[in-house]
Amino acid sequence: MKRTLFEWFGGEFRSPRMERMVLSWRRTIGVIHILRRNRMGMIGASILAFYILMGILGPMFNWWIFPLSDPNDILRSSNPAELLDPPSQNHPLGTDEHGIDVLSDLVYGTRNSLIVGFSAALITMVIGTTVGLVAGFYSRFLDELLMRTTDIFLVLPWIPLAVILATVLPPEGRPSLWKIILVIGITSWPMTARIVRSQVVSIKERGFIERARAIGAGSGHILRRHMLPNIFPLVFANMILAVSVAILSEAFLAYFGLEDPSNMTWGLMLYRAQFFGGFAARAFWYILPPGLSIAFVVLGFSLLGYALDDILNPRLRHR
Amino acid sequence: MADLKRCIVVCIVLAFMMTAAAGSFGSSAKASEPASENIFRIGMLQQLGNLNPFSMLESPDYILCNLIFDCLVSVDQDWKPVPNLATSWKILSWTAADNLTTPEDEGANRLWQYTIRDDVYWHDGTKMTVEDVNYTLNLDLSPDPVIWAYEPLLGVNYFSHAEVNKTLPNTVDLFLKVPSTLIYSLTIPIVPKHIFGTMNASQILLFQNNQPIGTGPFKFEKYDKENGYVTLTAYDNYHGGRSHIDTLQIILYGNEQVMAEALKKGDIDIARFPTANTFNSLKNQPNIETAMARMDRLTDIGFNCDTGGNAASSVNPLLRDEKVRQAVHYATNKKFIIDVILGGYADEGTSLTVPAMPQWWYYPGDDKFAFDLNKANATLDAAGYVWNEAHTVRLAGPGNAYAPEGTPLEFELAVINTAPEDVAAAPYLKAWYALIGVQVTLAYLDEATMETRVYWNCDQEMYMWYWGGTPDPRFILEVQTSNEIWGWSDTFWSNETYDNLFGEQLAQTGAQRNATIQEMLGIFYKSSPLIIVDYPWFLFAWRTDTWTGYGDVWSHPGRSYWNYYTQNAMLMEIEPVGHGGPISSTLAVGIIIIVVAVVVIVAYAIKRGRKKPEKG
């Protein structure tokens, strides 16, 4: 009975799915334990926790800590009497060119910036991992084809490429958050693909793959059951780093004016600060908060990424 | 592996910083001509299109054109007509007995006669003759393909042809199909026959004119596309006297802030700034003076109100309903836009003529579409537009004359993405219109895409753009006639009464003409194919330590360089203050970079040198 139930879940007798889940849970706990001892990693994680909480809960601070106003509800939030005002008691971070509280912009922008960061990193990872796996595992011809494609994407200067893509993707002239996510995802996968491929090539030569083949395992099975779990730690650490790159890229594209002006992000704040004369007016309260936030979040992701890399990559792990 | 990633992240951060910095370095790198002579540098935000007077579209093109070419008639610093290439002009009647060739019928006020200067030479040394003028006038009248550039001023509907007068020296006759007295309004640049004459009309429309030859006060030297600046030199033989400026540079910037910094540093001498924040920040800077000018410029929200079947099928036909446009007009808070977004530097918009030329300006009085959401909603209620169940948008009611019942009032509103004032206004417009049940989607387009959509595809539903006119309102009035559909008309609007009145005013003078024009403007205002939002003032800032004598552009708006048909009073009159500026900023940046690089290399070398023995 027990055996058929596992089989019904698609499991095998020797490595039931349940057992594997427990194992991976224990492994995760183990990673967290090691991470707790890694000071850099913990600093990164704390910075991120702060910003993620701000992104999720931020708009709710409306009621309890500070009266925030939704920058998208422009008629209610804007205040013509307080355009580009320096920090004051009512507006601890000053106001923007519409008279909207910069703190509100920042809090509402956090959510969108993080959404862009995570979504674009996910696309990067999916494309990069798929290309890397297939190229490393299958025939020489496919490998050559995919890797040369990757090379083309690598040598293309990505800033102009991203700018052009963001401009020409339909519907023309209507920037949106999803367009930006897609553009960053499409332009930043090649490095991941290369890293994954090199790992796959090395794993492919190991004994246990050969043994799996010997007992008749198909390519799909080997990829799913043996390759993916082995490269997953690497992919995960890489994704954390990719998030920071994506957030930086978003700031870039928004600064070039390629982002939907009605979806507040940190990059958009910087863009608007310079577009509407904030730099000339020396409105530091408008420029520093988004700028520092970008810097801190990128730093947070990088610290966490390196720490995870150290932990998950056995060769780098300090015992 | 970790090192590699660290490297990547560091590289990206560096790239980010360098790109940001490139913007500011770029500006100083641009203006690197020798400072031995009197250079006057103008900063400009828009990009340059081309220098063919027959296919120009952007403001910088027209400004340059006015420096390189001369018009038959120009205007002075108060926009009053003054002689330029034509020394005098008169209106004649003619009869078939005058032995002139074949205009359709004879009559009064149907022959314009211009006497042309005899002492003018083209920049390449060739003498300019009455033949050049005759050639240009006939070229503007060429029917196929239509040379559209000056059609509102010299269109085939009202003009027949030009001829060199056989008896009077240096005289050209222009024959009209209808009587008109507006002889002073022919502000069109005259081009050299020996260059343009070798091409046919279609070739001329495509001609790039990369080395334009004119008779104007400045000779074209070069356009450095890579670094984004244009160099002109003074034309020694200019018939109006030589300018004190030896070299005139127009430096193109992509960013207003960078341009403001360039002015502060002294990389440019004068510029026009579109945002109030930047302008205000320059007010109390050392050696910088600011000035405002009310110009012949208006900001509008346009509707695609084509009724002739030209519009693309994707365009919502409800825009053809005058009531919808009027409701949107009521829901546009012009005063708010002026006070909040333009910093108060504008006049409230009413109609096509501008308050800077008060003799033509139109004020609607009691019929004014003042901001009133109740009136807007009432207008739509009366026209049968009902809210949908969710109360988010209004739908066309039964028996709507323009679209089937249930068609929502949903439009796309496009703004130019490089115009800060329009981009800032767009979310407010969207929010106000939503309150009356008109849902707009915002699109942010570059100017070229906007042109394609509005003019060539006729598929842009609503757009925020601008118009600039000529000293005589004839141009801007003709633009909205049905003659100009597929020509200059952006709205594709047509109104028979308006068209007829346009024909009438051509032959009228003085108060009579003004009354006709006021009637036309009233019709236009009521129908609202364009909502004139505001008449923005031009905000200039210039350096007082390099040049002097800029004059009073507030009292004499025709002085400034940002004019298309003037005698360029400012550029002809300013005088240099003295030589020798501060150390070139390019050099300074270069030195800093080199110093930093040396320090880094030395530090690295020391570090390496220390490490080696430890390892060994």
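Each chain gets a letter, A, B and so on, in the order the sequences are listed, and its residues count up from 1. These numbers were taken from a predicted model, which means no experiment stands behind them.
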Can you tell me if CZ on A:F236 sees more than 12 non-hydrogen neighbours from other groups inside 6.0 Å?
no
Distance col, row A:S262:OG vs B:Y444:OH, nearest 0.5 angstrom, shows 6.0 Å
Turns out that what part of B:L435 lies under 4.5 Å from chain A's heavy atoms comes down to side chain
Residue pair B:Q257 / A:F276: nearest heavy atoms and the distance that separates them
NE2-C, 4.5 Å
In terms of heavy-atom proximity below 4.5 Å to chain B, should A:Y271 be classed as side chain, backbone, both, or neither?
side chain
Using heavy-atom distances under 4.5 Å, tell me whether B:A419 contacts chain A through its side chain, its backbone, both, or neither.
backbone
Under 4.5 Å to a heavy atom of chain B? For A:R272 that would be neither
Step by step, work out the side chain to side chain donor-acceptor pair (under 3.5 Å) result for B:N255 and A:Q274.
CA-CA 9 Å; B:N255 182 314; A:Q274 71 94 10; 2.7 Å; yes
Winner by heavy-atom pair count (cut-off under 4.5 Å) against chain A, out of B:L442, B:N277, B:L445, B:T275
B:N277
Okay, B:T418 and chain A: the region with an atom under 4.5 Å from a heavy atom over there is backbone
Heavy-atom contact with chain A under 4.5 Å, split by part of B:F279
neither
Distance (rounded to the nearest 0.5 Å) between B:K430 NZ and A:L75 CG
11.5 Å
Heavy-atom count check: over 12 atoms from other residues, nucleotides or ligands less than 6.0 Å from B:M292 CE?
yes
Between B:A276, B:P420, B:A414, the one whose heavy-atom pairs under 4.5 Å with chain A are most numerous
B:P420
For A:F296, is the CZ atom crowded, meaning more than 12 foreign heavy atoms sit under 6.0 Å from it?
no
Below 4.5 Å, heavy atoms only, C-beta onward: do B:S281 and A:F279 meet side chain to side chain?
no
Supply the atom-to-atom distance A:L83 CG to B:I341 CD1, rounded to the nearest 0.5 angstrom.
9.5 Å
Between B:E256 and A:F275 the two heavy atoms that sit nearest each other are OE1-O, 4.1 Å
Residue pair B:T441, A:R174: steps toward the side-chain contact (heavy atoms from CB on, under 4.5 Å) verdict:
CA-CA 9 Å; B:T441 321; A:R174 281 202 221 155; 3.7 Å; yes
Minimal non-hydrogen separation, B:A431 against A:I74, with atom names:
CB-CG2, 4.0 Å
For each of A:A295, A:A281, A:P80, A:P261, tally heavy-atom pairs with chain B at distances under 4.5 Å, and name the one with the top tally.
A:P261
